[in-house]
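Below, all heavy atoms of this structure are taken into account, side chains as well, without hydrogens, waters or symmetry copies. Each chain gets a letter, A, B and so on, in the order its sequence line appears, and its residues count up from 1. Here the structure is a predicted model, which is why all the values come from computation and not from measurement.
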Number of protein chains: 2
Amino acid sequence: MHDDYRIDNLDRSILTALQADARTPYAELAKRNGVSPGTIHVRVEKMKQAGIITSAQVVVDPKKLGYQVCCFIGINLKAAGDYPAVLEKLQALPQVVEAYYTTGHYSIFTKILTHNIDALHALLVHEIQSIEQIQSTETLLSLQQPIHRQIAP
Amino acid sequence: MHDDYRIDNLDRSILTALQADARTPYAELAKRNGVSPGTIHVRVEKMKQAGIITSAQVVVDPKKLGYQVCCFIGINLKAAGDYPAVLEKLQALPQVVEAYYTTGHYSIFTKILTHNIDALHALLVHEIQSIEQIQSTETLLSLQQPIHRQIAP
DNA sequence: GATGAAAAAATTTGCGG
DNA sequence: CCGCAAATTTTTTCATC
């Protein structure tokens with residue numbers, strides 16, 4: 001969990017394959033890389049231990065679950081010290097799938113999914129803008145997400 | 001791949017578990033939900049077929065791979081029609097891990113990972129701002145990402 | 001460290017309700 | 001559509017190099 005492990009080309013190849021498909025059999029990876037399945041297993045375990053691999057997740061298409069609207073909401077706080085309190089309230093809203101503490105235009109930057117525009121409107125007015133430490137918000141509506149990938153290892 | 005499958009509570013329970021850990025054994029899920037492993041298998045396959053489950057991915061911690069800097073770059077184009085050409089150039093930059101076509105403040109909104117601030121500076125000046133269809137950019141540096149989750153099914 | 005075969009575990013299939 | 005259980009595949013271990 002806290003080694004500073006330096007990955008080599010084999011690790012890189014394994015990671016790239018597992019980023020695309022976490023269920024790629026180790027025997028398959030072994031064959032592709034000219035090593036034994038045992039070696040693949042050892043490398044994966046090491047990368048888990050080192051915290052390089054944090055988890056394996058099934059990825060769900062939000063649209064298929066009825067979440068048709070994706071947007072970003074930039075938030076400005078009345079005071080910088082209000083950050084923890086606001087974050088706690090955002091955490092309680094399941095539609096807030098990502099939040100970043102940022103410098104630049106906004107104090108907090110969030111990614112949000114809702115079923116439709118009406119639901120976004122309701123969330124914005126009744127849940128977000130009603131948080132008293134929030135001074136102002138700005139909404140960027142996403143019409144399309146043409147790039148969606150993980151960093152190349 | 002394009003059925004309109006309406007998920008029930010069992011599907012929801014399976015999805016929630018697999019979003020957290022794609023390797024949860026079906027036997028475990030079966031026990032938790034009081035059904036047989038075969039049933040879990042059938043449900044997962046159906047959700048894959050319906051496009052609800054798009055993939056299973058190993059998730060990598062960018063910081064452990066040396067990507068210390070996370071930021072967003074909002075891009076404004078000279079002309080709306082330049083969108084496809086610019087996108088193609090962004091696609092070729094591996095540091096651009098997400099791109100959104102947005103309304104509001106920016107035309108294209110991107111999420112970017114780099115090794116350090118110098119690398120971000122170089123990317124911005126030499127790769128992004130030098131794309132001729134881009135009129136202006138604005139950078140939001142992320143200092144922390146306190147919320148990072150998938151939508152609850 | 002890596003190997004590779006053997007043991008253990010999980011997934012997948014198919015018959016029967 | 002579900003359950004059960006056998007058949008297959010995958011993961012994991014371990015003695016050895």
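- Nearest-nucleotide positions on DNA chain D place B/Asp8 closer to the 5' end than the other of A/Arg23 and B/Asp8.
- Taking atom CD1 of residue A/Ile40 and atom C1' of nucleotide C/dA2, one finds them 11 Å apart after rounding to whole Å.
- Taking the side chain of B/His41 as heavy atoms from C-beta on, and the options D/dT11, D/dC4, C/dT12, the nearest nucleotide is C/dT12.
- A distance of 10.5 Å separates CZ of A/Arg6 from CG of B/Leu65, quoted to the nearest 0.5 Å.
- Atom CG in A/Leu18 sits about 14 Å away from atom P in D/dT10, given to the nearest Å.
- Between the CZ atom of A/Arg43 and the P atom of D/dT11 there is a distance of 17 Å, rounded to whole Å.
- Within 6.0 Å of CD on A/Gln145 lie more than 12 heavy atoms contributed by other residues, nucleotides or ligands.
- One atom, OH of A/Tyr26, and another, P of C/dG4, lie 19 Å apart when rounded to the nearest Å.
- The side chain of A/Lys46 has C/dG1 as its nearest neighbour among C/dG1, C/dT11, D/dT11.
- Nearest-nucleotide positions on DNA chain C place A/Gly38 closer to the 5' end than the other of A/Gly38 and B/Pro37.
- Comparing D/dT11, D/dG3, C/dT11 by their closest approach to the side chain of B/Val35 singles out D/dG3.
- Between the CD atom of A/Gln57 and the CD1 atom of B/Ile53 there is a distance of 12.5 Å, given to the nearest 0.5 Å.
- Two residues are said to be in side-chain contact when any heavy atoms from C-beta on lie closer than 4.5 Å; B/Val60 and A/Met47 fail this criterion.
- With rounding to whole Å, A/Lys31 atom NZ is found 17 Å from C/dT3 atom C1'.
- Considering only side-chain atoms of B/Ser36, the nucleotide from D/dT10, D/dC4, C/dG4 that sits closest is D/dC4.
- B/Val42 comes within contact range of no nucleotide atom at all, as no heavy-atom separation falls under 4.0 Å.
- The CD atom of B/Glu45 sits 10 Å away from the C1' atom of C/dT11 (whole-angstrom rounding).
- For A/Thr39, counting side-chain heavy atoms from C-beta on, the closest listed nucleotide (D/dC2, D/dT10, C/dT3) is C/dT3.
- Separating the CG atom of B/Leu29 from the P atom of C/dT12 is a distance of 13 Å, rounded to the nearest angstrom.
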*asked:* Please determine whether side-chain contact (heavy atoms from CB on, under 4.5 Å) holds for the pair B/Thr39 and B/Asn33, giving the CA-CA distance in whole Å, both sets of side-chain angles, and the decisive distance to 0.1 Å.
replied: CA-CA 10 Å; B/Thr39 300; B/Asn33 291 283; over 6 Å; no

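- The CG atom of B/Asp11 sits 9 Å away from the P atom of D/dC2 (whole-angstrom rounding).
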